[in-house]
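Note sheet for the following structure.
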Amino acid sequence: MSLIRGRFQKEADAAVCRYTASIPFDWRLYHYDIAGSIAHAQMLAKQGIIAEKDSKEIVRGLKVIKKEIEDGKFQFKLELEDIHMCIESRLIEIVGDAGARLHTARSRNDQVALDLRLYTRDAIEITIDYIRDLQQALIGLAEENQKTIFPGYTHLQRAQPVLLSHHFLAYFEMLQRDILRLSDSLTRVDVMPLGSGALAGVPYKIDRGLVARKLGFSQISRNSLDAVSDRDFVIEYEAAASLCMMHLSRLAEEIILWSTAEFGFIELDEAYTTGSSIMPQKKNPDVAELARGKVGRVYGKLFAMLTVMKGLPLAYNRDLQEDKEGLFDVVDTLLSTLEVMTGMLKTLKINPARMSQALDKGYLLATDIADYLVTKGETFRGAHAVVGQLVHWAIENDKTFDKIKVEEYKKFSKLIEKDIYKLTSEVSVKARDNTGGTSPVKVEEALTEAKRILEEKK
Ligand code: ARG
């Protein structure tokens, strides 16, 4: 029998029960619900609102329940709606009247806000750890490939030579921004809402600071109406996760491209590839494809939650129950994607020979030749035009830069001398020696800095 239908003559319709229940998904909050209830009960006893012996009984009962859930023996009942009622009702079965005192000075509205904040706080910390693992894998690749030069692309056309390490460290930067966004959002998750009651606060002399300290919060909410209806922190996590998934999808896309026969830059480990049901020769990058594809559902959940919140009047409304499935799915999707991407990066093989072959074709040194002319006194725009004509001629005559004779070069600009042949990919890369550039010196510095960032937070 429901604990909260005293004013009703009828039980809820079965379809209504199924429609409104959140227990099929919010059972996952049990651990946080119990932690919150223990802190609340202990505070109530300390303030003399309930007896010390009742608080002890409550804590004992809650621990029994936790064990029952973890042993798979707990009965989650749909008719009890949610994890909060399931636990409270079982508590009353176990410890009787003491259990019936737990909900003093509390509402499910502030209780669920608390549970979700505790969940999100943990999710953020775990996510940051997972992102760091991926950053570590990128650092490993960057470290092993400090000498490998390959084509950097713009518009997916070969553009200029870059160090492969530099390319991997670009993803380190994206992930570092993800970490900063997530840790910044912690400040706003770190607010303890209990004591807000249903919406207006509670008429007991509670000690909110004590509950906050017990649960490791550094702030308490300042407005009860806001506290029970604020889900900004859910949206913030989903937004940060959306950006992170977007970064992962970019990395996944490059892995997919690079592992094609056309590129052949990398080879994926067999443990991170799948076969085809019809084509026996296939070794497919499904992990990377799914990582790329799963971004859609994460963006979707972000939009769903933004839409749930739009136009919602103060304070609690049942619409808010729609926060959980999306958030859980976003956390699960992001963590599993980070996990497989890390494994995939740690095991992939680089094919430096194919990378350097790709450097030979594509006139990647064209900008360097223009810069060469600039050092000899040509304007940059003038040099750009000269090299443009030179490339056109070279393509027509099927010649790479190193195969063009000085006399032929001279037809395009008198400023070109024998030293033109000193221009190589190595020289090109080495010349880009400002902070953020791809020179071996700067990349080495960036790598050291990346390692320091990763060490710092340990
Ligand atoms: N299951 C509800 C939720 O997830 C808990 C809060 C219910 N509060 C209420 N007044 N019905 O939002």
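Heads up: numbering here begins at 1 and tracks the sequence. Order of appearance sets the numbers: ligands from 1, and atoms from 1 within every ligand.
Electrostatic pairing of E238 and K301 does not count as a salt bridge here, judged by no charged N lying under 4.0 Å from a carboxylate O.
Residues passing the ring-ring contact (aromatic ring centres under 6.0 Å, His included) test with Y363, sequence neighbours excluded: F401. In this view, K63 satisfies the salt bridge (charged side-chain N to carboxylate O under 4.0 Å, His left out) rule with no residue, not counting sequence neighbours. S107 is linked by a side-chain hydrogen bond (donor to acceptor under 3.5 Å, both in side chains) to nothing, counting only residues two or more places apart in sequence or in another chain.
At least one test fails for R121 against the ring of F233: distance under 6.0 Å to the centre or angle within 45° of the axis.
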Can you list every pair where an N/O of ligand 1 is under 3.5 Å from an N/O on the protein?
unit_1: ligand 1; atom_1: 1 (N); unit_2: S22; atom_2: OG; d: 3.1
unit_1: ligand 1; atom_1: 1 (N); unit_2: D82; atom_2: OD2; d: 3.0
unit_1: ligand 1; atom_1: 1 (N); unit_2: Q321; atom_2: OE1; d: 2.8
unit_1: ligand 1; atom_1: 4 (O); unit_2: K324; atom_2: NZ; d: 2.6
unit_1: ligand 1; atom_1: 8 (N); unit_2: N109; atom_2: OD1; d: 3.0
unit_1: ligand 1; atom_1: 10 (N); unit_2: N109; atom_2: OD1; d: 3.1
unit_1: ligand 1; atom_1: 12 (O); unit_2: Y316; atom_2: OH; d: 2.5

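To the nearest 0.5 Å, atom CG of residue D319 and atom CG of residue L312 are 4.5 Å apart.
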